[in-house]
Amino acid sequence: MSLRTALPALCGYRRIRLTNSYVRSQKCSSYAHFQSCSADVNNIDSQNVKAITNTWIRRLQEESVPEADLSVKFITEHVLGKERTRDCDGKENDQNLTKEEARKINELCLQRLQRVPVQYIIGEWEFRYLTLKMMPPVFIPRPETEELVDVVAKHHSLADSKSDKFSFLEVGCGSGAICIKVMQRTIKCRMKRSQVFRNALCDDKAAQNSCLAFFILKFKDLIYFHSYFINFYLLDDASAFIAAATTCVAIDKNEVAVSLTRENANRCNVSDRIVLHRTDVRSVLPLLGSTKFDAIISNPPYIPEQDMALLQPEISRHEDAQALYGGRDGLDVVKDILRVSPAILKPNRLSSVWLEVDISHPELIDQWINSHDLGLKYSATFNDFTQRPRFCHIIRK
């Protein structure tokens with residue numbers, strides 16, 4: 001495949017991202033007098049897509065269900081597929097649903113009416129161009145966590161390291177969203193640019209692949225692609241561009257979460273580079289032995305005690321409370337991670353701890369590190385897409 005024919009495929013690869021609107025609440029309004037809808041609500045007697053979706057949107061809005069239109073959209077696309085949903089949407093009078101399809105849409109929308117998260121209803125969700133399986137009560141990845149992946153990948157890809165290998169520990173892997181995506185985002189190129197250009201002057205397949213490799217490397221922040229995408233375009237003789245040997249150990253206390261991460265890793269073709277343990281960070285040291293990591297990454301339970309009662313029903317009723325509750329100040333697990341970090345980080349100043357936390361936490365974490373002699377230094381705080389302080393970077397002194 002020549003560079004000219006490959007470019008349209010590259011540019012068209014980036015898909016529109018479906019974002020998760022159910023973010024962890026930050027002092028969200030409490031709700032009162034909420035009555036869950038009973039399972040005997042009459043189904044909508046229609047076999048027309050537009051009629052059934054409009055009726056369900058109205059019903060969800062009447063019950064103050066968040067993002068009613070998006071919820072019905074995702075459910076309908078799950079049952080019918082995106083193309084058929086789009087084709088049928090404008091036809092107001094056609095009987096364009098089978099009875100079974102109408103029954104299924106009614107059934108799933110009824111679950112949404114009862115405040116079940118749409119991610120659990122349809123059984124999957126997109127996270128930074130990955131489609132991951134979802135199941136209750138495993139924590140649902142939030143859109144701001146996608147930015148954590150980008151910050152980590154950018155930092156460690158640009159780090160001045162003599163090794164192409166990158167290893168990390170994820171604490172609280174949940175669905176596997178973070179560890180799987182980090183393994184796909186940390187990509188390096190061994191060939192020097194001058195060699196790439198010299199090869200590009202030759203009219204052979206290897207040169208074309210080398211030139212294409214340079215293009216991908218140059219614009220890798222604009223073009224997100226899966227590991228199999230590299231293998232597809234960079235054929236066996238295209239040695240210029242390689243995926244870094246990124247490996248991960250991921251832990252979670254929830255057995256369902258560990259199983260779900262394993263399944264998603266298989267789906268994303270990274271299962272050979274991930275080791276999973278069902279444990280918590282306080283018990284992980286004996287399992288690791290002498291293993292050292294370039295980074296520790298975690299989106300730990302961080303909701304303070306006083307905020308747990310303010311969570312939306314989608315969160316408080318269905319997601320694992322252990323993946324949410326961070327103790328009185330929200331920092332219980334964060335402190336555990338920091339305590340073990342000196343023992344498992346590689347002994348160099350590039351080794352890092354990356355945390356996603358409550359917006360009130362960065363200053364508290366900085367103060368806590370300064371008051372404990374752990375050999376760590378608070379390096380930086382990064383904002384999320386709402387410009388709130390969300391991600392903490394800690395390094396060795």
Side-chain angles (χ1 to χ4, degrees), residues 24 127 132-142 145 148-149 152 165-183 246-268 270-303 308 319-347 351-357 361 365 368 372 374-376 392 394 396:
R24 289 181 176 179
F127 181 86
L132 301 174
K133 181 177 179 180
M134 296 287 132
M135 67 170 59
V138 178
F139 182 77
I140 298 167
R142 272 52 172 183
T145 305
L148 173 62
V149 170
V152 172
K165 295 181 179 180
F166 175 70
S167 63
F168 66 96
L169 170 71
E170 184 187 4
V171 178
C173 55
S175 64
I178 292 177
C179 59
I180 292 171
K181 195 60 198 179
V182 168
M183 283 191 285
T246 303
T247 58
C248 168
V249 175
I251 64 173
D252 202 294
K253 294 193 298 184
N254 189 320
E255 184 176 3
V256 179
V258 173
S259 297
L260 185 59
T261 293
R262 181 175 291 109
E263 184 171 348
N264 281 326
N266 286 328
R267 290 175 59 162
C268 297
V270 297
S271 58
D272 60 326
R273 292 186 282 138
I274 182 172
V275 176
L276 290 160
H277 295 293
R278 182 192 175 192
T279 186
D280 60 31
V281 68
R282 288 175 294 180
S283 306
V284 75
L285 289 179
L287 297 173
L288 298 177
S290 60
T291 304
K292 305 291 183 183
F293 300 97
D294 296 290
I296 301 170
I297 308 170
S298 184
N299 178 14
Y302 62 63
I303 299 180
M308 288 294 292
E319 293 191 76
D320 182 10
Q322 291 188 89
L324 302 167
Y325 177 59
R328 184 174 181 179
D329 60 359
L331 291 174
D332 284 1
V333 179
V334 169
K335 293 173 183 176
D336 288 339
I337 292 171
L338 296 175
R339 288 188 184 102
V340 303
S341 295
I344 58 180
L345 285 175
K346 291 180 180 178
S351 299
S352 303
V353 180
W354 298 92
L355 302 170
E356 178 179 329
V357 295
H361 284 160
I365 293 173
W368 189 87
H372 292 74
L374 297 174
L376 300 175
C392 301
I394 298 103
R396 281 185 174 276

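- Going from atom NZ of Lys335 over to atom NE2 of His372 covers 7.5 Å, rounded to the nearest 0.5 Å.
- The number of heavy-atom neighbours closer than 6.0 Å to NZ of Lys133, taken from other residues, nucleotides and ligands shown, is 12 or below.
- Checked by atom type and distance alone, the side chain of Arg396 pairs as donor or acceptor with a backbone atom of Lys346 at under 3.5 Å.
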Worked check of side chain to side chain contact (heavy atoms under 4.5 Å, CB included) between Val182 and Phe168: CA-CA 9 Å; Val182 168; Phe168 66 96; 3.6 Å; yes

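- Within the model, atoms OG of Ser298 and CD1 of Ile178 stand 7.0 Å from one another, a figure rounded to the nearest 0.5 Å.
- Distance CD/Glu170 to OG1/Thr261: 7.0 Å, rounded to 0.5 Å.
- Between Met183 and Cys248 the shortest side-chain heavy-atom distance falls below 4.5 Å.
- Within the 3.5 Å criterion, the main-chain N or O of Ser271 finds no donor-acceptor partner in the side chain of Arg273.
- A distance of 6.0 Å separates CG of Asn264 from OG of Ser175, quoted to the nearest 0.5 Å.
- Across Tyr325 and Pro301, no two heavy atoms sit closer than the pair O-CB, 3.2 Å.
- Taking the side chain as every heavy atom from C-beta outward, Ser283 and Asp280 approach each other to under 4.5 Å.
- Side-chain N or O atoms of Asp332 include none that pairs as donor or acceptor with a backbone N or O of Arg328 at under 3.5 Å.
- The two residues Glu319 and Ile140 have their closest heavy-atom pair at OE1-N, 2.8 Å.
- Smallest separation of non-hydrogen atoms from Ser341 and Leu376: CB-CD1, 4.3 Å.
- In this structure, the side chains of Lys292 and Ser167 stay at 4.5 Å or more apart for every pair of heavy atoms.
- The minimum heavy-atom distance linking Ile180 with Ala265 is given by the pair CD1-N, 3.5 Å.
- Taking CD1 of Ile297 as the reference point, atom OG1 of Thr145 lies at 12.0 Å (rounded to 0.5 Å).
- Exactly one residue among Val281, Val357, Asp329 makes a side chain to side chain contact (heavy atoms under 4.5 Å, CB included) with Val334. That residue is Val357.
- Taking CD1 of Ile344 as the start and CD1 of Ile296 as the end, the distance is 3.5 Å to the nearest 0.5 Å.
- The shortest side-chain heavy-atom distance between Asn299 and Phe139 falls under the 4.5 Å cut-off.
- Using a 4.5 Å heavy-atom threshold, the side chains of Trp368 and Leu331 count as separate.
- Although no hydrogens or angles enter the test, the distance criterion places a donor-acceptor pair under 3.5 Å between the side chain of Asp252 and the main chain of Cys173.
- At distances below 3.5 Å, not a single donor-acceptor pair connects side-chain atoms of Lys181 with backbone N or O atoms of Gly176.
- Closest non-hydrogen pair, Ser351 versus Phe293, comes out as OG-O, 4.0 Å.
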Stepwise side chain to side chain contact (heavy atoms under 4.5 Å, CB included) check, Tyr302 with Leu355: CA-CA 10 Å; Tyr302 62 63; Leu355 302 170; over 6 Å; no

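- Nearest approach of Asp336 to Arg282, heavy atoms of both residues: OD2-CD, 3.4 Å.
- Side-chain atoms of Asp320 do not come within 3.5 Å of backbone N or O of Val138 as any donor-acceptor pair.
- The only member of Val171, Leu169, Val284 that meets side chain to side chain contact (heavy atoms under 4.5 Å, CB included) when paired with Ile337 is Val171.
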